[in-house]
Amino acid sequence: MDEEPLDCLIVGGGPAGLTAAIYLARFHLDILLIDAGKSRASWIPCTHNHAGFPDGISGKELLERMRVQAQKYGAKIVTDRVSKLERDEGSGLFAGTWGSGGESARTVLLATGVTNRRPPMDEELHDEALARGLIRYCPICDGYEVTDKKVGVIGSDSHGVAEAVFLRGYTADVTLVAPHDALKLAPDDREKLKMAGINCVDGPAQAVAALDKCIVVDTAEGHYTFDSVYPALGSDTHTQLADMLGARLNEQGCIGVDAHQRTSVEGAYAAGDVVIGLDQISHAMGHGGVAATTIRNDLAKQRPILR
């Protein structure tokens, strides 16, 4: 560990973490961002939902632009995975450890995100289909792109029903497919599907082929061909480091924060999809800006930040 601690250690290099890095670097603070390179934003082949890019931009290009911007102002970025995070009660400092080393910091920002659960299919086929827009994970982001197309939703609970009904606002041809067994839905969910005219298909289901402009799903009721498939299987929130610090989680299993992105642990903050909210790039960036400004002002209460 360096003798002089960082002002802030940022864990996670998605839109939230990188926005915070840009802000904090421009506040003339000494920061380090550790990124494992697993941001969900990097999956996006092309988003047309991000303000300022009318012709769209890929997730990878957006993240790279943000990294360059943060580094331009002095932010240090390391590609690695933080495996351990502790807080010393005496000094109040945080100690982070990763494969190539470690640092101590006055504050820490957790922007560790979530991972979508994938549908049952070959990994290589999944990645190919994702790159071509045959598999999509965010109807809010790209529902417009499936307007009047044939859409399959893989899911079997209320979450799957809600996503299918949401997509019905873009196209009349929506089918809800159970991932494993027969669809087991509450009566009110079945009524929602019936009212929306959404087809239902029992599982097990497995995407088996990505053709020129469509994806084939094998089900218990035969083969179905869709222009795009939306997995509605939930996600896993990356709260392991928050657990190490003893930070409070909310009922949804996300990191609990106040209106300024402070966690229940003094000096620890959280932003982005690891915090409950709208899982959107714009929302994560807003979290990052709020968290960074709060961090700067909280540090200034401890000692003046003078140039």
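Residues take their numbers from the sequence shown, with the count starting at 1. This one's a predicted model, so the numbers in the text were calculated from it and none came from an experiment.
Atoms CD1 and CG, on I276 and L249 in that order, are 11.5 Å from each other to the nearest 0.5 Å. Atoms SG and CG, on C214 and L134 in that order, are 7.5 Å from each other to the nearest 0.5 Å. The CG atom of D127 lies 8.0 Å from the CH2 atom of W43; values are rounded to the nearest 0.5 Å. For the atom pair CG of D298 and SG of C8, the computed distance is 11.0 Å after rounding to the nearest 0.5 Å. Of the inter-residue distances, the one linking Q206 atom CD with I154 atom CD1 reads 9.5 Å to the nearest 0.5 angstrom. Atom OG1 of T239 is separated from atom CG of L245 by 11.0 Å, given to the nearest 0.5 angstrom.
Within 6.0 Å of CZ on R132 lie more than 12 heavy atoms contributed by other residues, nucleotides or ligands.
Under the salt bridge (charged side-chain N to carboxylate O under 4.0 Å, His left out) criterion, E124 pairs with no residue, sequence neighbours left out. H50 pairs by the ring pair (Phe, Tyr, Trp, His ring centres under 6.0 Å) definition with F53, not counting sequence neighbours. With sequence neighbours excluded, no residue satisfies ring pair (Phe, Tyr, Trp, His ring centres under 6.0 Å) with W98. For E61, the side-chain hydrogen bond (donor to acceptor under 3.5 Å, both in side chains) partners at least two apart in sequence or on another chain are R65. Scored by the side chain to side chain contact (heavy atoms under 4.5 Å, CB included) test, T293 finds Y23, F27, N297 as partners (sequence neighbours excluded). Under the side-chain hydrogen bond (donor to acceptor under 3.5 Å, both in side chains) criterion, S282 pairs with no residue at all, not counting sequence neighbours. The salt bridge (charged side-chain N to carboxylate O under 4.0 Å, His left out) search around K38 returns none, not counting sequence neighbours.
Sorted by first and then second residue, the salt bridge (Lys or Arg N to Asp or Glu O under 4.0 Å) pairs with a member in residues 8-36 read D30-K76; sequence neighbours excluded. Listed by first then second residue, pairs satisfying salt bridge (Lys or Arg N to Asp or Glu O under 4.0 Å) with a partner in residues 188-208 read D189-K192, not counting sequence neighbours. Sorted pairs that involve residues 208-221 and meet salt bridge (Lys or Arg N to Asp or Glu O under 4.0 Å), not counting sequence neighbours, are lacking altogether. Screening residues 236-255 for salt bridge (Lys or Arg N to Asp or Glu O under 4.0 Å), with sequence neighbours left out, gives R117-D236.
A donor-acceptor distance shorter than 3.5 angstrom exists from the side chain of T171 to the backbone of K149, with no hydrogens or angles considered. Distance alone, capped at 3.5 Å, places no donor-acceptor pair between the H287 side chain and the A271 backbone. Checked by atom type and distance alone, the side chain of T263 never pairs as donor or acceptor with a backbone atom of A270 at under 3.5 Å. Of the possible polar contacts, one joining the R87 side chain to the E266 backbone as a donor-acceptor pair under 3.5 Å is found. Of the possible polar contacts, one joining the D122 side chain to the L125 backbone as a donor-acceptor pair under 3.5 Å is found. Judged by distance alone, the side chain of T237 and the main-chain N or O of C254 form no donor-acceptor pair under 3.5 Å.
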Inset, instruction - Report the C-alpha separation of I77 and Q71 in whole Å, then their side-chain angles, then the decisive distance to 0.1 Å, and conclude whether the side chain to side chain contact (heavy atoms under 4.5 Å, CB included) test is met. - result: CA-CA 8 Å; I77 299 176; Q71 290 170 321; 3.8 Å; yes

Inset, instruction - Check the pair M285 / I281 against side chain to side chain contact (heavy atoms under 4.5 Å, CB included), numbers first and verdict last. - result: CA-CA 6 Å; M285 293 170 74; I281 291 174; 3.6 Å; yes

Inset, instruction - Could you go through the side chain to side chain contact (heavy atoms under 4.5 Å, CB included) check for N116 and L233 one step at a time? - result: CA-CA 8 Å; N116 291 106; L233 304 171; over 6 Å; no

Inset, instruction - Assess whether side chain to side chain contact (heavy atoms under 4.5 Å, CB included) is satisfied between E103 and I34, documenting all intermediate values. - result: CA-CA 11 Å; E103 290 272 6; I34 307 296; over 6 Å; no

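Summarising the geometry of L32 relative to L6, their closest heavy-atom pair is CB-CD1, 3.6 Å, with the distance given to 0.1 Å. Residues E163 and P231 approach most closely at OE2-O, 3.8 Å, considering heavy atoms. The shortest heavy-atom contact between V274 and G113 is CB-N, 3.7 Å. Shortest non-hydrogen contact noted between A111 and A16 is CB-CB, 4.2 Å. The shortest heavy-atom contact between A284 and P15 is CB-CB, 4.3 Å. In this structure, T294 and H260 approach most closely via the heavy-atom pair OG1-O, 3.1 Å.
Side chains of P179 and S156 form a contact here, defined as non-hydrogen atoms less than 4.5 Å apart. Contact of the V108 side chain with the V265 side chain is not registered, since no non-hydrogen atoms from C-beta on lie closer than 4.5 Å. Within the 4.5 Å cutoff, the side chain of C138 has no heavy atoms near those of the D279 side chain. No side-chain heavy atom of P119 sits less than 4.5 Å from a side-chain heavy atom of V229. With contacts defined as side-chain heavy-atom distances shorter than 4.5 Å, the pair V177/Y224 does not qualify.
With hydrophobic clusters built from ILVMFWY side chains whose heavy atoms lie under 4.5 angstrom apart, L299 does not share a cluster with L9. Under the 4.5 Å side-chain contact rule for hydrophobic residues, V68 and I31 do not share a cluster. The hydrophobic cluster containing L85 does not contain I10, counting ILVMFWY residues as joined when their side-chain heavy atoms lie under 4.5 angstrom apart, directly or transitively. A continuous path of ILVMFWY side-chain contacts below 4.5 Å connects L33 to I295, so both sit in one hydrophobic cluster. By the rule that hydrophobic residues join a cluster once side-chain heavy atoms approach within less than 4.5 Å of another member, I255 and M244 end up as members of one cluster.
Side-chain heavy-atom separations under 4.5 angstrom define the hydrophobic clusters, and the remaining members of the one that includes V146 are I140, Y144, V151, V153, V161, V165, F166, L167, Y170, V174, L176, L183, L185, L193, I198, Y230, L278.
Salt bridge status for D7 with R106: present, with a side-chain N to carboxylate O gap under 4.0 Å.
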